[in-house]
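This report refers to the structure that appears directly beneath it.
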Amino acid sequence: MKTSLPPAAVNLFLRDIAVASIFIAAVIPFFFFFNIPCQDDWTMVPVIDKILSGNAVFADFWCLRSEQRLLVPRVLLSYWAAWTQWDLRAVPGFELLIIFASALCLGWRSRPTFWVVCIFLFSLHAVKTILFPSNLSIILSAAAIAYAVSFIAGDPESPKKWFLAAFFVVLSTYSFGAGMIGWFAVFPFLFSIRKSRFFYKILAIWAGSAIFCLVFYFHGFADLRTHPSLALSAQMPGNTFEFFLNYTGALFYPLPAPAFVFGFFGLILTVLLFLDAMRHEGKEGDYLKGLLCVALFVLGSAFLTAITRSRFGAGYAVTDRYMPLSCYL
């Protein structure tokens, strides 16, 4: 028996809820946002001084911050802060626009109910997230992956689409370290077009871009074997796995059930999505593979974050800065 779309009244109600959540997310920053550096924002202050004095160089934006190269958001935020004398009130609006656009990007080919719920979750969560300007790095990276996957899902056998997607994954890689997972998260699409006459051309575009981007990113890094975070993760794998599950379930914190319970649930959903995506062909299969790519990106980001941040404790995984990725899962 075929299922029908929800009644028009239900769709209208859901749409009104989504619009209301967007309005709330857009208005609240004007009451709670302060134009002063907060936590990681202080790392931009010396760079802003150099910008104002005309002495800023590429190395000031390329340097590591908490083992990350946040090149793109660091350039955007630093120059905007310098030009506006740290008046960053426009940043929450910019982040909200990114969240809204990426929700639509993931859901535009699906039923209205799906993308309305996406917009609701993304914008309602943004009330807390966008008050911290440095979260632009995570939001920008995750959104870039959403755009890349959406382009590929539209026409998986088009080399032009893959070239455009590669541009967005480069943007993601240099917005937040975990963004490099985007190069590997699209494997379901690469596997699905292995019989296409454009496969080797697409593979060359993707692999070439990935190798160049990752080699450039890791140039100058110290020996990873001596990294204190990696050593601790190897010694305490149980704690690292708990951090991983908390990270993927962070969206639901602090509900009565622990965050790691929702993390397990997310893993189960990803497995079911994988089985469904591999079973379907055509446009429906491409869309499912696109959602699977996003899920793999979130899980890969969670893994990278877990092995480099678990030394702070599993509770650190449910902080606001990590919740944007949980929204995607």
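- A distance of 15.0 Å separates CG of N239 from CZ of F244, quoted to the nearest 0.5 Å.
- Within a 6.0 Å radius of CZ in R197, no more than 12 heavy atoms belonging to other residues, nucleotides or ligands are found.
- L203 and I211 are members of different hydrophobic clusters when ILVMFWY side chains are connected at heavy-atom separations under 4.5 Å.
- Between V261 and P258 the shortest side-chain heavy-atom distance falls below 4.5 Å.
- You'll find the side chain of F58 reaches within 4.5 Å of the side chain of L71, heavy atoms only.
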**Message:** Assess the residue pair F176 and I181 against the criterion (side chain to side chain contact (heavy atoms under 4.5 Å, CB included)); give the C-alpha distance rounded to whole Å, side-chain angles, the decisive distance to 0.1 Å, and a yes or no.
**Reply:** CA-CA 10 Å; F176 191 63; I181 291 297; over 6 Å; no
**Request:** Decide ring pair (Phe, Tyr, Trp, His ring centres under 6.0 Å) for F187 and W206; before the verdict, give the C-alpha distance in whole Å, the side-chain angles of both, and the deciding distance to 0.1 Å.
**Result:** CA-CA 11 Å; F187 280 176; W206 197 256; 9.1 Å; no
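- Evaluation of the side chain to side chain contact (heavy atoms under 4.5 Å, CB included) rule for V47 yields I51, D60, F61, R74, S78 as partners, not counting sequence neighbours.
- Residues satisfying the side-chain hydrogen bond (donor to acceptor under 3.5 Å, both in side chains) test with S137, not counting sequence neighbours, are none.
- Annotation: W80, atom CH2; neighbour count of heavy atoms from other residues, nucleotides and ligands within 6.0 Å does not exceed 12.
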**Asked** Are Y174 and W62 close enough, and set up right, to give a ring pair (Phe, Tyr, Trp, His ring centres under 6.0 Å), and what steps lead you there?
**Response** CA-CA 9 Å; Y174 291 103; W62 177 249; 5.8 Å; yes
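- By the rule that hydrophobic residues join a cluster once side-chain heavy atoms approach within less than 4.5 Å of another member, F198 and I193 end up as members of one cluster.
- Remark: K161 NZ to D155 CG distance equals 6.0 Å, nearest 0.5 Å.
- Proximity of a side-chain donor or acceptor of R69 to a complementary backbone N or O of Y217 within less than 3.5 Å is detected.
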**Request:** Report the C-alpha separation of L76 and V72 in whole Å, then their side-chain angles, then the decisive distance to 0.1 Å, and conclude whether the side chain to side chain contact (heavy atoms under 4.5 Å, CB included) test is met.
**Result:** CA-CA 6 Å; L76 293 175; V72 177; 4.1 Å; yes
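- Hydrophobic cluster membership is shared by Y200 and V186, with clusters built from Ile, Leu, Val, Met, Phe, Trp and Tyr side chains linked at under 4.5 angstrom.
- Pairing each heavy atom of G179 with each of I145, the nearest pair is O-CD1, 4.1 Å.
- Taking every heavy atom of both residues into account, Y79 and A56 meet most closely at OH-CB, 4.5 Å.
- If you chain together ILVMFWY residues whose side-chain heavy atoms come under 4.5 Å of each other, F191 ends up in a group of its own.
- Side-chain contact annotation: W183 with T173, donor-acceptor N/O pair under 3.5 Å present.
- In terms of heavy atoms, S150 sits closest to A146 at OG-O, 2.8 Å.
- In this structure the side chain of L299 reaches within 4.5 angstrom of the side chain of L267, judged on heavy atoms.
- Formation of a donor-acceptor pair under 3.5 Å by the T305 side chain with backbone atoms of A302 is not found in this model.
- Separating the CZ atom in F241 from the CG atom in N246 is a distance of 10.5 Å, to the nearest 0.5 Å.
- Using a 4.5 Å heavy-atom threshold, the side chains of L275 and R279 count as separate.
- Rounded to the nearest 0.5 Å, atoms CG (L304) and OG1 (T308) are 7.0 Å apart.
- Going from atom CH2 of W162 over to atom NZ of K201 covers 14.0 Å, rounded to the nearest 0.5 Å.
- Taking a 4.5 Å side-chain heavy-atom cut-off between Ile, Leu, Val, Met, Phe, Trp and Tyr, the cluster of V57 contains only that residue.
- F212 CZ: 12 or fewer foreign heavy atoms inside a 6.0 Å radius.
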**Request:** Dump the intermediate steps for side chain to side chain contact (heavy atoms under 4.5 Å, CB included) on I98 and F94, then the final yes or no.
**Result:** CA-CA 6 Å; I98 293 174; F94 178 57; 3.7 Å; yes
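- A distance-only check finds a donor-acceptor pair linking the side chain of K289 to the backbone of A277 [under 3.5 Å].
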Can you give me every donor-acceptor pair (side chain of residues 163-172, partner residue at least two apart or in another chain, under 3.5 Å) with its distance?
| from | atom 1 | to | atom 2 | distance (Å) |
| --- | --- | --- | --- | --- |
| S172 | OG | S141 | O | 3.0 |
| S172 | OG | S141 | OG | 2.6 |

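- Residues I205 and F151 are members of separate hydrophobic clusters, defined by side-chain heavy-atom contacts under 4.5 angstrom among Ile, Leu, Val, Met, Phe, Trp and Tyr.
- Contact annotation: the side chain of F184 never approaches that of L190 to less than 4.5 Å [non-hydrogen atoms, C-beta and beyond].
- Evaluation of the ring pair (Phe, Tyr, Trp, His ring centres under 6.0 Å) test over residues 254-275, restricted to residues two or more places apart or in two chains, returns F252-F262.
- The shortest side-chain heavy-atom distance between H280 and D286 does not fall under the 4.5 Å cut-off.
- Interatomic distance, L273 CG to C293 SG, rounded to the nearest 0.5 Å: 9.5 Å.
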**Asked** Checking side chain to side chain contact (heavy atoms under 4.5 Å, CB included) for the pair F297/V149: CA distance, chi angles, key distance, verdict?
**Response** CA-CA 10 Å; F297 167 71; V149 169; over 6 Å; no
